[in-house]
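Because the structure is a prediction, the values reported are computed rather than measured.
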Amino acid sequence: MSIWVGEPSRHVIAFDGDDTLWANDGNQQHWENESRRRDVEGLPHPGMSAAFRRYLREFGCLEGGVARALHSSCRDICDGELPAHWSAQVEAIPEMARALNLRCPQGVEGVLGRLKRAGHPLWLITKGDLIRQAIKLSCFPFVDLFDVVEIVDRKNAAAYRGVLAANDCPPSAFTMVGDAFWEDAVPVARLGGRAIYVPIGRWALSRPLKKLLPAAGIRVCRYLDEVPDVIAAMR
(Lines give C-alpha, C1' and ligand atoms only; values in the text may rest on other atoms or scores of the structure.)
Protein backbone atom coordinates (compact mmCIF):
# COMPACT_ATOMS: atom_id res chain seq x y z
CA MET A 1 0.00 0.00 0.00
CA SER A 2 3.02 2.29 -0.03
CA ILE A 3 2.03 3.63 -3.45
CA TRP A 4 -0.71 5.71 -1.81
CA VAL A 5 1.55 7.21 0.87
CA GLY A 6 4.64 7.65 -1.28
CA GLU A 7 3.00 9.41 -4.20
CA PRO A 8 0.99 12.54 -3.25
CA SER A 9 -0.66 12.63 -6.68
CA ARG A 10 -2.22 9.24 -5.91
CA HIS A 11 -4.20 10.64 -2.99
CA VAL A 12 -7.81 9.47 -3.43
CA ILE A 13 -10.59 12.06 -3.58
CA ALA A 14 -14.07 10.65 -2.92
CA PHE A 15 -17.37 12.45 -3.45
CA ASP A 16 -20.82 12.02 -1.97
CA GLY A 17 -23.77 11.71 -4.39
CA ASP A 18 -27.06 13.28 -3.22
CA ASP A 19 -26.80 17.04 -2.61
CA THR A 20 -23.11 17.08 -3.56
CA LEU A 21 -22.69 15.82 -7.13
CA TRP A 22 -26.39 16.17 -7.90
CA ALA A 23 -29.27 18.07 -6.31
CA ASN A 24 -31.74 16.22 -4.12
CA ASP A 25 -34.53 18.66 -4.99
CA GLY A 26 -38.30 18.51 -5.34
CA ASN A 27 -38.14 16.87 -8.76
CA GLN A 28 -35.98 14.09 -7.41
CA GLN A 29 -38.26 13.63 -4.40
CA HIS A 30 -41.19 13.22 -6.82
CA TRP A 31 -39.13 10.64 -8.71
CA GLU A 32 -38.36 8.80 -5.45
CA ASN A 33 -42.07 8.61 -4.67
CA GLU A 34 -42.84 7.33 -8.17
CA SER A 35 -40.12 4.70 -7.78
CA ARG A 36 -41.80 3.45 -4.63
CA ARG A 37 -45.15 3.38 -6.43
CA ARG A 38 -43.59 1.31 -9.23
CA ASP A 39 -41.94 -0.96 -6.65
CA VAL A 40 -38.48 0.09 -7.84
CA GLU A 41 -37.26 0.08 -4.27
CA GLY A 42 -35.25 -2.50 -2.41
CA LEU A 43 -33.98 -5.76 -3.83
CA PRO A 44 -36.55 -8.53 -4.37
CA HIS A 45 -34.67 -10.80 -1.93
CA PRO A 46 -32.63 -9.73 1.14
CA GLY A 47 -29.82 -12.11 0.20
CA MET A 48 -29.13 -10.41 -3.15
CA SER A 49 -27.23 -7.32 -2.04
CA ALA A 50 -23.70 -8.77 -2.25
CA ALA A 51 -24.38 -10.29 -5.69
CA PHE A 52 -26.01 -7.09 -6.97
CA ARG A 53 -23.01 -5.00 -5.88
CA ARG A 54 -20.64 -7.51 -7.50
CA TYR A 55 -22.52 -7.52 -10.80
CA LEU A 56 -22.81 -3.73 -10.72
CA ARG A 57 -19.00 -3.50 -10.57
CA GLU A 58 -18.76 -6.02 -13.42
CA PHE A 59 -21.40 -4.53 -15.76
CA GLY A 60 -20.94 -0.86 -14.84
CA CYS A 61 -23.36 1.82 -13.69
CA LEU A 62 -24.88 2.79 -17.02
CA GLU A 63 -28.57 2.02 -17.57
CA GLY A 64 -28.01 -1.36 -19.23
CA GLY A 65 -25.51 -2.37 -16.55
CA VAL A 66 -27.95 -1.70 -13.71
CA ALA A 67 -30.69 -3.80 -15.32
CA ARG A 68 -28.21 -6.63 -16.08
CA ALA A 69 -26.89 -6.54 -12.52
CA LEU A 70 -30.39 -6.85 -11.07
CA HIS A 71 -31.39 -9.57 -13.53
CA SER A 72 -28.22 -11.60 -12.87
CA SER A 73 -28.50 -11.34 -9.10
CA CYS A 74 -32.16 -12.39 -9.32
CA ARG A 75 -31.16 -15.42 -11.40
CA ASP A 76 -28.54 -16.36 -8.82
CA ILE A 77 -31.20 -16.48 -6.11
CA CYS A 78 -34.06 -18.17 -7.93
CA ASP A 79 -31.83 -20.43 -10.08
CA GLY A 80 -34.24 -20.43 -12.98
CA GLU A 81 -37.17 -18.42 -14.32
CA LEU A 82 -37.67 -15.08 -12.57
CA PRO A 83 -40.95 -14.63 -10.66
CA ALA A 84 -43.28 -12.18 -12.41
CA HIS A 85 -42.89 -9.37 -9.84
CA TRP A 86 -39.09 -9.67 -10.01
CA SER A 87 -39.17 -9.43 -13.81
CA ALA A 88 -41.44 -6.38 -13.58
CA GLN A 89 -38.89 -4.65 -11.34
CA VAL A 90 -36.07 -5.36 -13.81
CA GLU A 91 -38.19 -4.16 -16.74
CA ALA A 92 -39.09 -0.91 -14.92
CA ILE A 93 -35.47 0.22 -14.59
CA PRO A 94 -35.03 1.74 -18.09
CA GLU A 95 -38.30 3.68 -17.78
CA MET A 96 -37.37 4.99 -14.33
CA ALA A 97 -33.93 6.02 -15.62
CA ARG A 98 -35.54 8.01 -18.44
CA ALA A 99 -37.91 9.67 -15.95
CA LEU A 100 -35.08 10.97 -13.73
CA ASN A 101 -33.83 14.47 -14.48
CA LEU A 102 -30.62 14.53 -12.44
CA ARG A 103 -29.57 18.14 -11.88
CA CYS A 104 -25.86 18.73 -11.25
CA PRO A 105 -24.36 21.87 -9.66
CA GLN A 106 -22.62 24.20 -12.06
CA GLY A 107 -18.95 23.42 -12.49
CA VAL A 108 -19.01 19.74 -11.47
CA GLU A 109 -17.32 18.58 -14.67
CA GLY A 110 -14.57 21.19 -14.27
CA VAL A 111 -13.91 20.18 -10.65
CA LEU A 112 -13.62 16.50 -11.52
CA GLY A 113 -11.45 17.26 -14.56
CA ARG A 114 -9.01 19.37 -12.52
CA LEU A 115 -8.61 16.63 -9.93
CA LYS A 116 -8.11 13.99 -12.63
CA ARG A 117 -5.45 16.08 -14.34
CA ALA A 118 -3.69 16.47 -10.98
CA GLY A 119 -3.39 12.69 -10.83
CA HIS A 120 -5.98 11.93 -8.16
CA PRO A 121 -8.04 8.73 -8.39
CA LEU A 122 -11.71 9.66 -7.99
CA TRP A 123 -14.23 7.65 -5.99
CA LEU A 124 -17.97 8.10 -5.63
CA ILE A 125 -19.48 6.87 -2.35
CA THR A 126 -23.23 7.35 -2.14
CA LYS A 127 -25.75 6.15 0.44
CA GLY A 128 -29.27 4.87 -0.02
CA ASP A 129 -31.46 2.21 -1.57
CA LEU A 130 -29.31 0.04 -3.82
CA ILE A 131 -31.55 0.07 -6.87
CA ARG A 132 -32.53 3.75 -6.77
CA GLN A 133 -28.95 4.88 -6.16
CA ALA A 134 -27.79 2.65 -9.03
CA ILE A 135 -30.34 4.30 -11.34
CA LYS A 136 -29.14 7.74 -10.23
CA LEU A 137 -25.57 6.72 -10.99
CA SER A 138 -26.65 5.54 -14.44
CA CYS A 139 -28.07 9.04 -15.06
CA PHE A 140 -25.05 10.92 -13.73
CA PRO A 141 -23.23 12.14 -16.87
CA PHE A 142 -19.74 12.01 -15.34
CA VAL A 143 -19.85 8.58 -13.69
CA ASP A 144 -17.16 7.29 -16.09
CA LEU A 145 -14.63 9.66 -14.49
CA PHE A 146 -14.69 7.65 -11.26
CA ASP A 147 -12.31 4.78 -10.58
CA VAL A 148 -14.39 3.34 -7.72
CA VAL A 149 -18.16 3.62 -7.24
CA GLU A 150 -19.73 2.31 -4.03
CA ILE A 151 -23.31 2.31 -2.74
CA VAL A 152 -23.42 1.93 1.04
CA ASP A 153 -26.27 1.38 3.49
CA ARG A 154 -24.89 3.93 5.95
CA LYS A 155 -21.95 6.28 6.26
CA ASN A 156 -20.07 5.62 9.46
CA ALA A 157 -16.49 4.72 10.34
CA ALA A 158 -17.11 1.01 9.80
CA ALA A 159 -18.56 1.56 6.32
CA TYR A 160 -15.65 3.77 5.24
CA ARG A 161 -13.16 1.33 6.74
CA GLY A 162 -14.70 -1.46 4.67
CA VAL A 163 -14.57 0.53 1.41
CA LEU A 164 -10.95 1.55 2.04
CA ALA A 165 -9.90 -2.00 2.88
CA ALA A 166 -11.66 -3.42 -0.19
CA ASN A 167 -9.70 -1.02 -2.39
CA ASP A 168 -6.32 -1.22 -0.59
CA CYS A 169 -6.27 2.45 0.36
CA PRO A 170 -5.13 3.62 3.84
CA PRO A 171 -7.12 6.42 5.50
CA SER A 172 -4.06 8.72 5.33
CA ALA A 173 -4.38 8.72 1.53
CA PHE A 174 -8.11 9.45 1.45
CA THR A 175 -10.18 12.65 1.35
CA MET A 176 -14.00 12.64 1.39
CA VAL A 177 -16.04 15.53 -0.06
CA GLY A 178 -19.69 15.92 0.88
CA ASP A 179 -22.54 18.00 2.28
CA ALA A 180 -23.35 15.87 5.36
CA PHE A 181 -21.03 16.83 8.23
CA TRP A 182 -21.75 13.81 10.44
CA GLU A 183 -21.71 11.31 7.55
CA ASP A 184 -19.18 12.63 5.03
CA ALA A 185 -16.67 14.43 7.27
CA VAL A 186 -16.55 13.23 10.88
CA PRO A 187 -16.26 9.43 10.33
CA VAL A 188 -13.42 9.87 7.80
CA ALA A 189 -11.52 12.24 10.09
CA ARG A 190 -11.88 9.76 12.96
CA LEU A 191 -10.27 7.08 10.80
CA GLY A 192 -7.28 9.33 10.10
CA GLY A 193 -8.36 10.56 6.69
CA ARG A 194 -9.30 14.06 5.59
CA ALA A 195 -12.62 15.58 4.63
CA ILE A 196 -13.99 18.63 2.89
CA TYR A 197 -17.42 19.71 4.09
CA VAL A 198 -19.47 21.60 1.47
CA PRO A 199 -22.57 22.82 3.38
CA ILE A 200 -24.94 23.25 0.44
CA GLY A 201 -27.42 25.96 1.44
CA ARG A 202 -26.15 26.04 5.04
CA TRP A 203 -23.13 28.36 4.75
CA ALA A 204 -24.26 30.87 7.39
CA LEU A 205 -24.60 28.13 10.00
CA SER A 206 -21.34 26.45 9.02
CA ARG A 207 -19.14 29.51 8.63
CA PRO A 208 -17.83 29.43 12.25
CA LEU A 209 -16.59 25.87 11.65
CA LYS A 210 -14.16 27.06 8.99
CA LYS A 211 -11.64 28.25 11.59
CA LEU A 212 -12.18 25.41 14.07
CA LEU A 213 -12.00 22.27 11.94
CA PRO A 214 -8.65 22.25 10.06
CA ALA A 215 -6.86 20.77 13.09
CA ALA A 216 -9.25 17.80 12.89
CA GLY A 217 -8.44 17.17 9.22
CA ILE A 218 -11.66 18.79 8.00
CA ARG A 219 -11.92 21.83 5.74
CA VAL A 220 -15.06 23.80 4.87
CA CYS A 221 -15.83 25.07 1.33
CA ARG A 222 -18.73 27.27 0.44
CA TYR A 223 -18.88 26.02 -3.15
CA LEU A 224 -17.87 22.78 -4.83
CA ASP A 225 -15.57 24.56 -7.30
CA GLU A 226 -13.32 25.58 -4.39
CA VAL A 227 -12.46 21.94 -3.69
CA PRO A 228 -9.46 21.48 -6.06
CA ASP A 229 -7.68 24.54 -4.64
CA VAL A 230 -8.31 23.44 -1.06
CA ILE A 231 -6.99 19.96 -1.82
CA ALA A 232 -3.86 21.42 -3.39
CA ALA A 233 -3.33 23.59 -0.31
CA MET A 234 -3.87 20.63 2.05
CA ARG A 235 -0.87 18.81 0.61
Aromatic ring pairing Trp86/His45, orientation class (parallel under 30°, perpendicular over 60°, tilted between): perpendicular
Which class fits the ring pair Tyr160 and Phe174: parallel under 30°, tilted 30 to 60°, perpendicular over 60°? tilted
Closest heavy-atom pair and its distance - [X], [Y]:
X	Y	result
Val66	Ala134	CG2-O, 3.5 Å
Pro199	Cys221	CD-O, 3.1 Å
Ile93	Ala67	CD1-CA, 4.1 Å
Val12	Cys169	CG2-SG, 3.9 Å
Leu191	Pro171	O-CB, 3.3 Å
Ala195	Ala185	CB-CA, 3.5 Å

Counting C-beta onward and ignoring hydrogens, is there a side-chain heavy-atom pair between [X] and [Y] closer than 4.5 Å?
X	Y	result
Cys74	Leu70	yes
Arg154	Glu183	no
Ile151	Asp129	no
Glu32	Arg36	yes
Ser138	Val143	no
Val220	Phe181	no
Asp18	Gln133	yes
His11	Met234	no

Hey, what do you get for [atom1] ([X]) to [atom2] ([Y]), rounding to the nearest 0.5 Å?
X	Y	atom1	atom2	answer
Glu150	Lys155	CD	NZ	11.5 Å
Phe146	Ile125	CZ	CD1	10.5 Å
Phe59	Arg54	CZ	CZ	9.5 Å
Asn27	Asn101	CG	CG	6.5 Å
Arg194	Ile218	CZ	CD1	12.5 Å
Phe142	Leu112	CZ	CG	7.5 Å

Just wondering, more than 12 heavy atoms not from [X] lying within 6.0 Å of its [atom1]?
X	atom1	result
Arg103	CZ	no
Gln106	CD	no
Arg53	CZ	yes

Write out all pairs satisfying ring-ring contact (aromatic ring centres under 6.0 Å, His included) with one or both partners inside residues 19-43, taking only residues at least two apart or from two chains. Trp22-Phe140
Look at the side chain of [X] and the backbone N and O of [Y], then say whether any donor-acceptor pair between them is shorter than 3.5 Å.
X	Y	value
Thr20	Asp179	yes
Gln28	Leu102	no
Asn24	Asp19	no

According to a hydrophobic-cluster definition based on side-chain heavy atoms being under 4.5 Å apart (Ile, Leu, Val, Met, Phe, Trp, Tyr only), do Tyr55 and Val152 belong together? no
For Cys61 and Leu56, run side chain to side chain contact (heavy atoms under 4.5 Å, CB included): C-alpha distance rounded to whole Å, both residues' side-chain angles, the deciding distance at 0.1 Å, then the answer. CA-CA 6 Å; Cys61 292; Leu56 202 59; 4.2 Å; yes
Any ion pair linking [Y] and [X] (charged N to carboxylate O, less than 4.0 Å)?
X	Y	value
Arg37	Glu34	yes
Arg10	Asp147	no
Glu226	Arg219	no

Test Ile231 against His120 for side chain to side chain contact (heavy atoms under 4.5 Å, CB included), laying out the working first. CA-CA 10 Å; Ile231 288 172; His120 294 290; 3.9 Å; yes
What do the steps show when you test Asp16 against Val198 for side chain to side chain contact (heavy atoms under 4.5 Å, CB included), and what is the final call? CA-CA 10 Å; Asp16 167 54; Val198 187; over 6 Å; no
Could you walk me through whether Asp225 and Arg114 satisfy the salt bridge (Lys or Arg N to Asp or Glu O under 4.0 Å) test, starting with their C-alpha distance in whole Å, then the side-chain angles of each, then the deciding distance to 0.1 Å, before giving a yes or no? CA-CA 10 Å; Asp225 59 10; Arg114 285 183 62 188; over 6 Å; no
Kindly determine whether Met48 and Leu130 satisfy side chain to side chain contact (heavy atoms under 4.5 Å, CB included), including the steps that lead there. CA-CA 10 Å; Met48 286 171 52; Leu130 268 173; over 6 Å; no
Can you check salt bridge (Lys or Arg N to Asp or Glu O under 4.0 Å) on Asp144 and Lys116, steps first, answer last? CA-CA 12 Å; Asp144 287 343; Lys116 271 288 190 183; over 6 Å; no
